[in-house]
Amino acid sequence: AVTLLLNRAALYVQMDSVQRAIDDYERVCELDMYDTEARYSLGVLAMERGDNKLAEDYFTEIKRINPNSGLYHEGIGMLHKRSGNHARAVELFTQVIKVQPSAQLLGHRADCYLAMKKLNDAESDIRAAIDMTPDDPYLYLLRAKLNKLRFQRDDMNRDIDTAVSLGLPRDYVNQLLSEK
């Protein structure tokens with residue numbers, strides 16, 4: 001039942017039925033007091049709704065269940081990134097990347113490096129992430145940000161076009177690139 005609930009909750013998230021997903025994830029937590037995946041997903045959904053305190057509570061619960069959990073470090077890293085504490089977020093993402101590298105984590109860390117103006121570090125993470133998942137539009141958006149900071153307009157526009165061709169709406173891309 002837990003596996004089915006987790007799968008259904010993930011589908012609900014994709015379908016933008018967030019409350020149904022939350023209900024399923026909470027049910028998983030009731031059925032399995034050691035399930036960290038559901039708690040992580042609940043934390044991410046809480047963050048997306050702007051409830052950082054609740055998100056932190058879910059991530060802390062993961063740490064209680066498994067003190068070495070990468071999901072805990074990733075979740076707390078996202079909270080730090082969201083609050084602008086990019087240096088701490090980089091530390092947390094790095095801990096997880098050392099054990100289990102992923103394009104998503106490299107992207108998060110690259111975004112922090114961009115905010116910190118550590119362009120070479122950002123470039124390295126973006127390149128590694130694109131090698132892992134060359135069809136992820138978010139990574140091309142990050143590279144467009146990098147190229148913008150480097151005043152490489154042609155490369156930036158090429159990455160914008162790639163991100164759009166992979167599914168990101170052009171208005172969304174332009175909005176993110178216009179933010180400081």
Side-chain angles (χ1 to χ4, degrees), residues 36 39-60 62-63 66-180:
T36 56
R39 286 165 177 80
Y40 173 81
S41 297
L42 284 166
V44 169
L45 291 172
M47 226 178 0
E48 289 176 0
R49 291 188 324 268
D51 193 342
N52 291 345
K53 175 62 177 123
L54 181 60
E56 184 177 2
D57 291 346
Y58 282 120
F59 298 143
T60 301
I62 292 169
K63 184 177 183 179
N66 179 359
N68 299 316
S69 173
L71 292 176
Y72 164 76
H73 291 96
E74 182 176 347
I76 295 296
M78 288 188 302
L79 281 172
H80 282 288
K81 176 184 168 188
R82 183 181 205 100
S83 70
N85 187 353
H86 297 106
R88 180 65 179 135
V90 164
E91 291 173 15
L92 291 161
F93 293 144
T94 299
Q95 288 179 19
V96 182
I97 290 168
K98 285 179 182 178
V99 176
Q100 189 174 359
S102 73
Q104 178 180 339
L105 284 168
L106 288 165
H108 283 308
R109 189 171 70 177
D111 201 14
C112 291
Y113 283 142
L114 289 171
M116 297 165 61
K117 305 294 189 249
K118 293 186 172 191
L119 304 186
N120 290 337
D121 292 330
E123 179 182 25
S124 177
D125 278 359
I126 293 167
R127 185 180 306 118
I130 288 174
D131 285 346
M132 289 178 179
T133 57
D135 58 346
D136 184 341
Y138 174 68
L139 299 174
Y140 294 95
L141 175 60
L142 287 176
R143 197 166 68 182
K145 282 183 177 181
L146 172 67
N147 288 324
K148 179 181 179 183
L149 290 169
R150 288 182 167 167
F151 304 101
Q152 297 173 333
R153 190 158 187 77
D154 291 341
D155 292 336
M156 179 188 77
N157 288 329
R158 189 172 22 262
D159 286 329
I160 289 170
D161 290 341
T162 302
V164 169
S165 74
L166 291 171
L168 284 182
R170 187 169 294 275
D171 291 344
Y172 174 75
V173 171
N174 291 337
Q175 176 189 351
L176 288 179
L177 288 174
S178 68
E179 295 174 357
K180 289 194 175 201

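Position 1 is the first residue of the sequence; numbering continues from there.
- A heavy-atom distance below 4.5 Å is found between the side chains of Leu45 and Glu48.
- Taking CZ from Arg150 and CG from Asp155, the interatomic distance works out to 10.0 Å, rounded to the nearest 0.5 Å.
- Going from atom CG of Leu114 over to atom CG of Leu119 covers 6.5 Å, rounded to the nearest 0.5 Å.
- The two residues Ala55 and Met47 make their nearest non-hydrogen contact at CB-N, 3.9 Å.
- No donor-acceptor pair under 3.5 Å is formed between the side chain of Arg109 and the backbone N or O of Asp125.
- The CG atom of Asp51 sits 11.5 Å away from atom CG of Leu42, with the distance rounded to the nearest 0.5 Å.
- For the pair Val96 and Gly70, the tightest heavy-atom approach, listed with the atom from each and the gap, is CG2-O, 3.5 Å.
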Can Leu141 and Leu177 be said to form a side-chain contact (heavy atoms from CB on, under 4.5 Å), step by step?
-> CA-CA 8 Å; Leu141 175 60; Leu177 288 174; 4.0 Å; yes
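- Atoms CG and CG, on Leu139 and Leu146 in that order, are 12.5 Å from each other to the nearest 0.5 Å.
- Looking only at side-chain heavy atoms (C-beta outward), Tyr72 and Asn66 stay at 4.5 Å or farther from each other.
- Closest approach of Gly77 and Ala89 over heavy atoms only: O-CB, 3.4 Å.
- Each salt bridge (Lys or Arg N to Asp or Glu O under 4.0 Å) pair with one or both residues in residues 91-105, not counting sequence neighbours, appears once here: Arg88-Glu91.
- From His86, atom NE2 reaches atom NZ of Lys118 across 12.5 Å, with rounding to the nearest 0.5 Å.
- Ring pair His108/Phe93 is parallel by interplanar angle, where below 30° counts as parallel and above 60° as perpendicular.
- Looking only at distances, a side-chain donor or acceptor of Tyr140 sits under 3.5 Å from a matching main-chain atom of Pro134.
- Put simply, the side chain of Lys145 reaches to within 4.5 Å of the side chain of Asp111, judged on heavy atoms.
- Shortest non-hydrogen contact noted between Arg39 and Tyr58 is O-CB, 3.4 Å.
- Between Met132 and Ser102 the shortest heavy-atom distance is SD-C, 3.7 Å.
- Under the 3.5 Å distance criterion, the side-chain polar atoms of Thr162 are matched with a main-chain donor or acceptor of Arg158.
- Between Arg127 and Asp131, no side-chain nitrogen of the basic residue sits less than 4.0 Å from a carboxylate oxygen of the acidic one, so the salt-bridge criterion is not met.
- Gly107 and Leu142 make their closest contact through O-CD1, 3.3 Å (heavy atoms, listed as atom of the first residue, atom of the second, distance).
- Residue pairs meeting the salt bridge (Lys or Arg N to Asp or Glu O under 4.0 Å) criterion with at least one member in residues 165-174, sequence neighbours excluded: Asp161-Arg170.
- Atom NZ of Lys63 has 12 or fewer neighbouring heavy atoms from other residues, nucleotides or ligands inside a 6.0 Å radius.
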Could you walk me through whether Met116 and Asp121 pass side-chain contact (heavy atoms from CB on, under 4.5 Å), step by step?
-> CA-CA 10 Å; Met116 297 165 61; Asp121 292 330; over 6 Å; no
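- Two residues are said to be in side-chain contact when any heavy atoms from C-beta on lie closer than 4.5 Å; Leu54 and Arg49 meet this criterion.
- Note that CG of Asp57 and NZ of Lys53 are 3.5 Å apart. Values are rounded to the nearest 0.5 Å.
- A donor-acceptor pair under 3.5 Å links the side-chain atoms of Ser178 to the main chain of Gln175, judged by distance alone.
- Looking only at side-chain heavy atoms (C-beta outward), Arg143 and Asn147 come within less than 4.5 Å of each other.
- Judged by distance alone, with hydrogens and angles left aside, the side-chain atoms of Ser83 form a donor-acceptor pair with the main-chain N or O of His80 at under 3.5 Å.
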